[in-house]
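All remarks here apply to the structure that follows.
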Number of protein chains: 2
Amino acid sequence: MAKLDISLVAHLPLFSGIKPDDLDEILREARSARYPRNTAIFEQGADAQSFFLLLHGHVRAAKTTPTGEQIVVRYVAPGETFGLAMAIGATHYPATALAVDDSVALIWPTSAWPRLIERFPALAANTMQTVGKRLQESHTRILEMSTQQVEQRVAHALLRLANQSGKKLDHGIEIDFPISRQDIAQMTGTTLHTVSRILSGWESQGLVESGRQRIILRDPHRIVVLAERSPDGSTS
Amino acid sequence: MAKLDISLVAHLPLFSGIKPDDLDEILREARSARYPRNTAIFEQGADAQSFFLLLHGHVRAAKTTPTGEQIVVRYVAPGETFGLAMAIGATHYPATALAVDDSVALIWPTSAWPRLIERFPALAANTMQTVGKRLQESHTRILEMSTQQVEQRVAHALLRLANQSGKKLDHGIEIDFPISRQDIAQMTGTTLHTVSRILSGWESQGLVESGRQRIILRDPHRIVVLAERSPDGSTS
DNA sequence: GTGCGTTTTTGCGCTATCGCAAACTGCCTG
DNA sequence: CAGGCAGTTTGCGATAGCGCAAAAACGCAC
């Protein structure tokens, strides 16, 4: 079992610079678990007892306001870590993690983290990189929310999803997990209604094909153009 | 000179867990520089040759879009680090840093970072914490931009600034560096016009007193109420 | 003290987007 | 195969906030 895992995860950025023997040791400290579709993995505010490496499936990390509104912080794809609260010095999860598809994850107890990074400093360095990357993505998202209109933000969001978790089709790219208009609204700071209108419009132009929790980008190139177009509609 | 620095910085979170002798060694690798008000410290996109610890003054980190619009990523207060591009694996600065007030910073060459964190793992851990905290703040900001209206976002922004860099007055809190309506607009994703209108409104209610690049919160408590009030205006 | 550039204020029309409501569709369950 | 539910579509006001424009206020430099 562990042997199998090694070949699957050895190439991940998280483990870059880690020797196979060390990796073996690291993996021995983990257990793995299966999360059926729509299972909560952890809840915002709960004690951060574990951190995770997603092997299969897709996980949505979402943050909820006191008044109950939600935003999607990110979608986790296989090979990515999540629930790293302790690495960043938090004792409680700042968001809720939900398996949006049948998923499998490796799980380490939070308590193992200090020892792991002491023994394998590369782990800390790699984690720093990914946290840093997420920080920059956050800033990009803030920039987009501040300067672009909804249609452009939705375009960007879909392109990112396609890039991260797109399945190439004969003609187009399909987003490889169930995702609703509501989800996209929560990624872009708008309402499901507006997302629905936008997708309907795109569909009638042949840019996308979509249905219940399913989106296929039929013409990614033209969506890129949309994403970058200045508000007044000029192409320059 | 170095002796003087030690007493000033020893208690900073960045150096927590570092022994005085080690701190001395770390500080010996740094030089310090003075940046007069409105001086650029580094430009977005430039080669990340240094990282910084602000000793005095205030620095604004801002990100610019291809089309020239700007957002303020954050304001740096004394004791905080900035320009940590390399720590998060970037070779170029993702934002522009500008001294908004006469400022002094310690400067390390980026090339010293790998050696420093190898010799002093606590440095890496502490940096991880602050990057993690910034990530969470980013997410909070995204949440606010997605769910709150402009007035509430401005309220939150001012409260944060007051908290980070507020100078207590006999009656109220003054934000301790020059900041324009435009700056606040760029922190909250709106326009200077709207910020101006909001502040004018607040001023007439005695909540704030403000002028050219200057803001005093006269009634922080009521501003907190504003920040948390639900969109329909009910207090519950 | 005067002049100038920057910042702020304010008015006014416009529109992107929301909010609500209602109808529709497709899927899963039994 | 019928029923029901979750997700989606669409219409129709309502409006928060933008964009433009012009005037006013402030502070600095000479």
Quiz item: Can you check the B:Ile198 CD1 to C:dT8 P distance for me, whole Å?
Solution: 14 Å
Practice problem: Without swapping roles, check the side chain of A:Arg74 against the backbone of A:Ala61 for a donor-acceptor pair under 3.5 Å. | Solution: no
Quiz item: Under a criterion of less than 4.0 angstrom to any heavy atom of chain A, what are the 5'-terminal and 3'-terminal contacting nucleotides of DNA chain D?
Solution: D:dA6 to D:dC12
Quiz item: When the C1' atoms of the five terminal pairs at each end define the local axes, what inter-axis angle does the helix from C:dG1-D:dC30 to C:dG30-D:dC1 show, to 10 degrees?
Solution: 50°
Quiz prompt | d(CZ, A:Arg181; P, C:dC18) in whole Å | solution = 16 Å
Quiz item: Could you state the CD1-P distance from B:Ile179 to C:dT8, rounded to the nearest angstrom?
Solution: 10 Å
Quiz prompt | B:Thr67 and B:Thr65 side chains, donor-acceptor separation under 3.5 Å | solution = yes
Scan the side chains in residues 205-218 of chain B for donor-acceptor partners under 3.5 Å anywhere in the protein, sequence neighbours excluded, and list what turns up.
| residue | atom | partner | partner atom | Å |
| --- | --- | --- | --- | --- |
| B:Gln205 | NE2 | B:Gly201 | O | 3.4 |
| B:Glu209 | OE1 | B:Arg218 | NE | 2.9 |
| B:Glu209 | OE1 | B:Arg218 | NH2 | 3.0 |
| B:Ser210 | OG | B:Arg181 | NH2 | 3.0 |
| B:Ser210 | OG | B:Glu203 | OE1 | 3.2 |
| B:Arg218 | NH1 | B:His171 | O | 2.3 |

Self-check item: Phosphate OP1/OP2 of C:dT8: any B:Ser196 side-chain N/O under 4.0 Å
Solution: no
Quiz item: Taking the side chain as C-beta and beyond, is there a heavy-atom pair between B:Val73 and A:Leu143 under 4.5 Å?
Solution: no
Self-check item: Residues which pass ring pair (Phe, Tyr, Trp, His ring centres under 6.0 Å) with B:Tyr35, listed by chain and number, not counting sequence neighbours
Solution: none
Quiz item: Distance from A:Thr147 atom OG1 to A:Arg153 atom CZ, nearest 0.5 Å?
Solution: 9.0 Å
Quiz prompt | Heavy-atom protein contacts under 4.0 Å, nucleotides 19-30 of chain C, coded B base, S sugar-phosphate only, - none | solution = BBB---BBS---
Quiz prompt | Sequence neighbours excluded, every pair satisfying ring pair (Phe, Tyr, Trp, His ring centres under 6.0 Å) that has a member inside residues 175-223 of chain A | solution = A:His58-A:Phe177, A:Tyr75-A:Phe177
Practice problem: Measure the distance from CG on B:Asp183 to C1' on C:dT8 and round it to the nearest whole Å. | Solution: 13 Å
Exercise. For A:Gly189, answer base if it contacts any base atom (sugar-phosphate contacts may also be present), sugar-phosphate if it contacts only those atoms, and nothing otherwise; contact means non-hydrogen atoms under 4.0 Å.
Key: sugar-phosphate
Practice problem: Would you kindly give the CD-to-C1' distance between A:Glu69 and C:dC18, to the nearest whole Å? | Solution: 13 Å
Self-check item: Short side-chain N/O contact to C:dT8 OP1/OP2 from B:Ser200, under 4.0 Å
Solution: no
